[in-house]
A.B. asks: 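Dumping the structure here so I can ask a few things about it.
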Number of protein chains: 4
Amino acid sequence: MNDTPARGRPRSETARRAVLDAALELCQSDGYQQLTMKGIAETAGVGRQTVYRWWPAKQDVLIDALRDLALRKAERLDPETGDTLRDVRTLLDATFTLTTALTGNALIGLMAEAQHDPELSHRLQSTVIGPRRQALRALLARGVAEGSLSDGTVSLDLAVDFAFGTMWYRLISRHAPVDSRLAEQITTALTTLLRPGGTAQAEPEPGTAEAPEGRPVGTA
Amino acid sequence: MNDTPARGRPRSETARRAVLDAALELCQSDGYQQLTMKGIAETAGVGRQTVYRWWPAKQDVLIDALRDLALRKAERLDPETGDTLRDVRTLLDATFTLTTALTGNALIGLMAEAQHDPELSHRLQSTVIGPRRQALRALLARGVAEGSLSDGTVSLDLAVDFAFGTMWYRLISRHAPVDSRLAEQITTALTTLLRPGGTAQAEPEPGTAEAPEGRPVGTA
Amino acid sequence: MNDTPARGRPRSETARRAVLDAALELCQSDGYQQLTMKGIAETAGVGRQTVYRWWPAKQDVLIDALRDLALRKAERLDPETGDTLRDVRTLLDATFTLTTALTGNALIGLMAEAQHDPELSHRLQSTVIGPRRQALRALLARGVAEGSLSDGTVSLDLAVDFAFGTMWYRLISRHAPVDSRLAEQITTALTTLLRPGGTAQAEPEPGTAEAPEGRPVGTA
Amino acid sequence: MNDTPARGRPRSETARRAVLDAALELCQSDGYQQLTMKGIAETAGVGRQTVYRWWPAKQDVLIDALRDLALRKAERLDPETGDTLRDVRTLLDATFTLTTALTGNALIGLMAEAQHDPELSHRLQSTVIGPRRQALRALLARGVAEGSLSDGTVSLDLAVDFAFGTMWYRLISRHAPVDSRLAEQITTALTTLLRPGGTAQAEPEPGTAEAPEGRPVGTA
DNA sequence: CCTTAACCGAGACGGTACGTCCAGTCTTATA
DNA sequence: TATAAGACTGGACGTACCGTCTCGGTTAAGG
C-alpha cells in the first residue's frame, strides 16, 4: 500500500494529535471565525509549517479532527436493537449529544464556509452529514419494511429532514435546547407522521446528492 | 420625535443604500467569510470610515441590510386568507423564496458567527428568526382555535421547528432544494402531524392509540 | 483699498485670534508634527471650515501667528542706542528670548517643512529670517562705518551666520542653552572677529538671496 | 558574542539594505514630512511588517540609515594630518559635503521631530551630532596644545558652535550655500577668533552636555 | 425694518497612512 | 526527511486626520 520506502524522520504522531486537539478545542471555545492556523500551531506547540504541511487550511484540520473523533468514539450508527423506535431515539440522542458537546461550533462554521466551497461541501456530505442521514433513513425504512411505519403521507427523506433539521435549527438559532427530550419528542412525532394507514400519495422523492444506498422502499 | 436639532451635514442616504446593497451582493456572490468591510466600502464607492461610522462590523451591515430588505419587500407575514393551510403554505413559500434567492448566505454566516456572540444571537432572534417563527406559530394556533388543527401529539413549537428546521438543514447541507414543492410537502406533513383527533397526551411516550383516517390533503 | 463693499457678516476677530493662539500653543506644547488642523480648530473652539477658509494649511496658520506675535510685541529690531556692541547684544538677546520662549518649535518645524517647499521657504525668509539677518547686519555695518568694527578677515555675512547659526544649532541640538549669556559671548566673539586691524584677505562675499542693502565696504 | 543559537530564518540583509536605502532616498527626494513607513516599504519592495519588525518608526529607520551610511563611508573624523588648520578645514569640508548631498533633509526633519522627543534627541546627539562636535573640538584643542591656537577670547565650544551652527543655519534657511568655500572661510575665521595673543579673559565655559574628554590642555 | 450675503458651529463625506494581526511561503539549525 | 523557530510578502483590520461638502443658525451692512 505505502510504496514509498519511508526514509528520513517519520511524521510525529504527537504533533498530529496536538494539532487536531488544539483545533477542536479552540473552535469550540472561541468560535470558527476566530480559529486561525497560527493559533492552532501555537496552542499545539508546533511549528506553523508543520500544520500547513499536512493540512492546507483550517477546514481540513477540523474535518480531520471530526473524523478522528468519530473513529475514537467508535460510535455506533446502527444500534442493533430490534425495536425500530428505540433505535431511532438512540441514534438521535447520540447525535444530539455529540453535536452539542463537541462539534457544534465547528460544524456550523464549516457549513457556513461550505456555502461557497463545493469541494468542502461535498466532503462534509460524505463524511459528516451523509452517513447520519443514511443511518436514520435506513432505520425508518426498516420500520416500513416491518410494517410498523409507513411512508404514506410524507416521504422518509422529509422525515429525516424533520429530525436533523430541527437539530440544526436549534443549534444555530438557540431558541430551544437540543437534548434527550427533543430526541424523544421527535421520535414521537415521526411515529405520528409515518403511522401506517395514512393514505399514500406516492411522490417519488428526488434522489439526494450522494444517493444513499437505502432502497426507496416501494410506496405500495 | 427627533429632538436633536440635526446639526452638521446630514447623513447621505445614497451612501447608506450603496453600502447595504454592496454588502448583500458581495455576501451572496462571494460568501460571508470572504466579505470584508474594505470590500463593502470599495464596492459601494464609499470611504471606509463611512462604513465604520454607522456599522461597527460586517455583521451589523448585514443585519441592517436584511432588515432594510424586509421593509422594502413589505413582506406580509400574515397572509390574511381564511384558509389556514393555504396561509401556512404561502408563508413557507415566501420564506423559502426570500432565503434562497437573497439572504441564505448572509444568514448562515451570521448564524455561524452568532455561536460565540450572544448579543448578535439575540439580535438575529429578534429581527430575523423570531418574527417568522411567531408568524407561523400564530397561524397554526389559529388553526387549532378553529378546530382544523390540533396540538395533540406534538407541540406547535416542534411543528414550527420541523418546518423551518428543514429549510435550514437543506440550506446548509444542500442535499435537497428549498422550493415551493418543499413548502407544499411540509404543509401536508404538518396537517398530518396536527390532525385533530390525535390523542392529546402531550409529551410522554407515544401510545399505540389508533388514529382515525386522516384527510390526505391531496396535492395532486 | 478694500473695494468690495463688505456685505454680509464680517469676519470674526474672536475666531481669528483663537485660531492663531491655539496654533502657537499646541505647536509649542505638542510639537510641529503633532499639530493638526483638526486639533487647532477644536482647541480654538472653532469650526474646521473656518480654519480652512482663511488658512490653507497649518504652515499658514503658524506663519500668520508668528507675524501677529511680532506685531503685538512691537519688537524693536533697531535698538537705537549709539553703542553698536550694546545694540548687537540687545538684538541677540531679544531674539534668543523670543525664540526660546515662544516660537522655537514652530520655527524649526516650519523650516523642516520648507526644505521641500520653496514657496514656504521664501515666505519664511521674507517674514521671519530675513528681517532679523538684515537688522543685525545693518548694526554691524554701522559699526564698520563708525570704525569700531572692520570686515577685514571675515565678511559681515559670515559674522551674522555665526551669531544666528549658533542659536539655531543650539535650538535644534540642545547641547547648550540659548540665553543672555550666549548673547554676550557672541557679541564678544564678533568683536574679536571684526576687530579693526585684522588682516584683510578680501574675498568678495557672494550676495545673499535677499541682498541686504549693506555696502560690502571695500577691503582696502 | 552572539550567544543566541540563531534559530529560525535569519534576517534578510537584502531587505535591510533596501529599506535603509529607500528611506534615505525618499527623504531626500520628497522631504521628511512626506516620508511614510508605507512608502518606504513599497519603494524597498518589502512587506510593511518587515519594516515595523525592525524599526518602530520612520525616525528609527532614518537614524539607522545615517549610521549605516557613516559606517560605509568609513569616514575619517580624524584627518591625522599634522597641520591643524588643514585638518579643521578637511573635517568641515567632509561634513558639509555629506550633509548637503545626502543627509540634510533627513537630519533637519529628525531634529524638528526631536524637539518633543527627548529620547530621539539623545540618540541624535550620541550618534550624529556629538561625534562631529567632539572631533572638531579635539582638533581645536590640539591646536591650542600646539600653541597655534588659543582659547582666550572665546571658548572652543563656542568656536565649534560657530562652525557647525553656520552650516545648520544655511541648511535650513538656504540663504547661502554650504560648500568648500564656506569651510575655508570658517577655518579662516576660527583662526582669527582663536589667534594666540588674544586677551584671555577666561570665562569658565559651562560644561557641555557631552563633556568632551578633556581639559583643553594648558593654554600656553 | 428687513433682506441678504457671508459668516459660524457641527459633522458627514471620500481618501490615505497608521500600526497590528494573520495568511501562506521560505529558510535556517536541529533531531 | 520532519520538526520548531521565525523572517518573509501580502492584505484586512479598525483608527485618525486630511481637505471638501453640506446643513441650520447667526450677524451686520444696505436697501
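So that the names make sense, note that chain A is the first sequence line, chain B the second, and so on, each numbered from 1.
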A.B. asks: To the nearest 0.5 Å, what is the distance between OG (D:S121) and NE2 (D:H116)?
C.D. replies: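 Taking OG in D:S121 and NE2 in D:H116, the distance rounds to 11.5 Å.
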A.B. asks: Run the salt bridge (Lys or Arg N to Asp or Glu O under 4.0 Å) test against A:R123 and tell me which residues pass, sequence neighbours left out.
C.D. replies: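 Salt bridge (Lys or Arg N to Asp or Glu O under 4.0 Å) list for A:R123, sorted by chain: A:D60, A:E119.
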A.B. asks: Taking atom types as they are modelled, would you say the side chain of B:R48 forms a donor-acceptor pair with the base of E:dG14 within the 3.5 Å cutoff?
C.D. replies: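 Between E:dG14 and B:R48, which were checked side chain against base, a qualifying N/O pair under 3.5 Å is absent.
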A.B. asks: CD1/B:I172 to CG/A:L107 distance, rounded to the nearest 0.5 angstrom?
C.D. replies: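 Rounded to the nearest 0.5 Å, the CD1-CG separation comes to 8.5 Å.
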A.B. asks: Taking only residues two or more places apart in sequence, or in another chain, which ones meet D:R67 in a side-chain hydrogen bond (donor to acceptor under 3.5 Å, both in side chains)?
C.D. replies: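 Residues passing side-chain hydrogen bond (donor to acceptor under 3.5 Å, both in side chains) with D:R67: D:D64.
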A.B. asks: Dot-bracket for DNA chain E, please. Rules: Watson-Crick or G-U, both distances under 3.5 Å, ( ) within the strand, [ ] when a pair crosses earlier ones, | for another strand, . otherwise.
C.D. replies: |||||||||||||||||||||||||||||||
A.B. asks: For the base of F:dC21, is there a side-chain donor-acceptor partner from B:R9 under 3.5 Å away?
C.D. replies: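 Between F:dC21 and B:R9, which were checked side chain against base, a qualifying N/O pair under 3.5 Å is present.
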A.B. asks: Side chains of A:Q125 and B:R174: do they bring a donor and an acceptor to under 3.5 Å?
C.D. replies: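 On atom types as modelled, these side chains do not qualify, holding no pair under 3.5 Å.
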A.B. asks: Run the side-chain hydrogen bond (donor to acceptor under 3.5 Å, both in side chains) test against A:D117 and tell me which residues pass, sequence neighbours left out.
C.D. replies: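 In terms of side-chain hydrogen bond (donor to acceptor under 3.5 Å, both in side chains), with neighbours along the sequence ignored, A:D117 is linked to no residue.
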A.B. asks: Taking only distance into account, with no hydrogens and no angle test, what donor-acceptor pairs under 3.5 Å do side-chain atoms of residues 8-33 of chain B form with protein atoms, sequence neighbours excluded?
C.D. replies:
{"unit_1": "B:S12", "atom_1": "OG", "unit_2": "B:T14", "atom_2": "N", "d": "3.4"}
{"unit_1": "B:S12", "atom_1": "OG", "unit_2": "B:A15", "atom_2": "N", "d": "3.0"}
{"unit_1": "B:E13", "atom_1": "OE1", "unit_2": "B:R16", "atom_2": "NE", "d": "3.3"}
{"unit_1": "B:R16", "atom_1": "NH2", "unit_2": "B:D68", "atom_2": "OD1", "d": "3.0"}
{"unit_1": "B:R17", "atom_1": "NH2", "unit_2": "B:D21", "atom_2": "OD1", "d": "3.0"}
{"unit_1": "B:S29", "atom_1": "OG", "unit_2": "B:E25", "atom_2": "O", "d": "3.1"}
{"unit_1": "B:S29", "atom_1": "OG", "unit_2": "B:L26", "atom_2": "O", "d": "3.2"}
{"unit_1": "B:Y32", "atom_1": "OH", "unit_2": "B:E113", "atom_2": "OE1", "d": "2.1"}

A.B. asks: Go through the structure and list residues passing side-chain hydrogen bond (donor to acceptor under 3.5 Å, both in side chains) with C:Q34, not counting sequence neighbours.
C.D. replies: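 If we apply the side-chain hydrogen bond (donor to acceptor under 3.5 Å, both in side chains) test to C:Q34, skipping adjacent residues, there are no hits.
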A.B. asks: Which residues in residues 49-63 of chain A have a heavy atom closer than 4.0 Å to any atom of DNA chain E?
C.D. replies: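 Residues of residues 49-63 of chain A under 4.0 Å from DNA chain E: A:Q49, A:Y52.
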A.B. asks: For DNA chain F, determine which residues of residues 25-41 of chain D have any heavy atom closer than 4.0 angstrom to one of its atoms, and list them numerically.
C.D. replies: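 Within residues 25-41 of chain D, no residue comes under 4.0 Å of DNA chain F.
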A.B. asks: For residues 36-50 of chain C, which side-chain N or O atoms pair as donor and acceptor with protein atoms under 3.5 Å away, sequence neighbours left out?
C.D. replies:
{"unit_1": "C:T36", "atom_1": "OG1", "unit_2": "C:G39", "atom_2": "N", "d": "2.8"}
{"unit_1": "C:T43", "atom_1": "OG1", "unit_2": "C:G39", "atom_2": "O", "d": "2.9"}

A.B. asks: When you measure from the side chain of C:S12, which nucleotide among F:dC23, E:dC13, E:dC8 comes out closest?
C.D. replies: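 The listed nucleotide nearest to C:S12's side chain is E:dC8.
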